[in-house]
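Bear in mind that the values here come from a model prediction, so they are computed numbers and not experimental data. Reminder, nothing fancy here: chain letters follow the sequence lines and each chain counts from 1. As a basis for the values below, the full set of heavy atoms in this structure was taken, side chains included, without hydrogen atoms, waters or symmetry mates.
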Amino acid sequence: SQKIEQNSEALNIQEGKTATLTCNYTNYSPAYLQWYRQDPGRGPVFLLLIRENEKEKRKERLKVTFDTTLKQSLFHITASQPADSATYLCAPPYSGYSTLTFGKGTMLLVSP
Amino acid sequence: SAVISQKPSRDICQRGTSLTIQCQVDSQVTMMFWYRQQPGQSLTLIATANQGSEATYESGFVIDKFPISRPNLTFSTLTVSNMSPEDSSIYLCSVTGGPLETQYFGPGTRLLVL
């Protein structure tokens with residue numbers, strides 16, 4: 001069955017550094033992959049989508065890569081700020097469905 | 001983008017009772033999705049609700065436990081029936097939209113069953 005893996009341990013970094021989060025998937029080949037941010041007590045919010053024919057996608061301080069050979073996506077936040085502290089979810093689509101399947105997410109903690 | 005509201009935002013219920021969660025979208029959508037997020041876990045899709053047809057349930061979820069209504073293109077309800085403490089969770093309503101088919105989520109309903 002389709003499986004998505006994200007680092008379960010929280011990532012602690014200092015303000016100003018680059019945070020890198022990893023998403024690995026197995027048993028299928030999604031045509032695209034989305035990243036979401038979730039704050040405590042709130043629903044996820046869409047950040048970026050990257051398609052299988054795109055190596056990299058950027059949006060302000062965010063950068064996502066998609067390596068279909070390694071079956072991996074990396075999510076980077078440069079010049080991180082305490083306001084970036086949240087859980088980040090990787091979400092490729094269910095195979096054949098119109099909805100997404102979500103990883104467990106990685107909590108990012110940026111300290112001043 | 002879509003703006004989604006849910007009611008109630010939270011509730012504390014006794015085991016054996018039922019709770020109906022409402023989801024309202026500010027635009028007409030074909031499909032609405034209901035997710036559950038248990039403490040420390042990711043989102044799990046419960047069912048997909050299309051207007052005018054029966055909801056489609058994911059493996060492990062059944063209509064008797066989670067009946068869904070979809071009376072029109074902007075509204076849906078999810079009922080959690082005969083609740084037990086294991087149903088304590090956040091329940092989220094979602095729709096897809098836009099050229100990227102991103103998912104938009106409601107703020108969630110935080111349910112605690114005692």
Practice prompt. Any chance you could lay out the side chain to side chain contact (heavy atoms under 4.5 Å, CB included) test for B:Met83 and B:Leu19, step after step, and finish with the verdict?
Written response: CA-CA 8 Å; B:Met83 289 185 283; B:Leu19 176 72; 3.8 Å; yes

So, the part of A:Gln6 with a heavy atom under 4.5 Å from chain B: the answer is neither

Do the non-hydrogen side-chain atoms of B:Tyr91 and B:Phe66 ever get within less than 4.5 Å of each other? yes

Among A:Pro44, A:Gly103, A:Gly105, A:Ala91, the residue with the most heavy-atom pairs under 4.5 Å to chain B is A:Pro44

If one checks every heavy atom of B:Gln37 against chain A at 4.5 Å, the contacting part turns out to be side chain

The interface call for B:Tyr35 against chain A, heavy-atom contacts under 4.5 Å, is side chain

### Message
Checking B:Thr20 against B:Thr77: is there a side-chain donor and acceptor pair closer than 3.5 Å?
### Response
no

SB check A:Lys17 A:Glu15 (cutoff 4.0 Å) = no

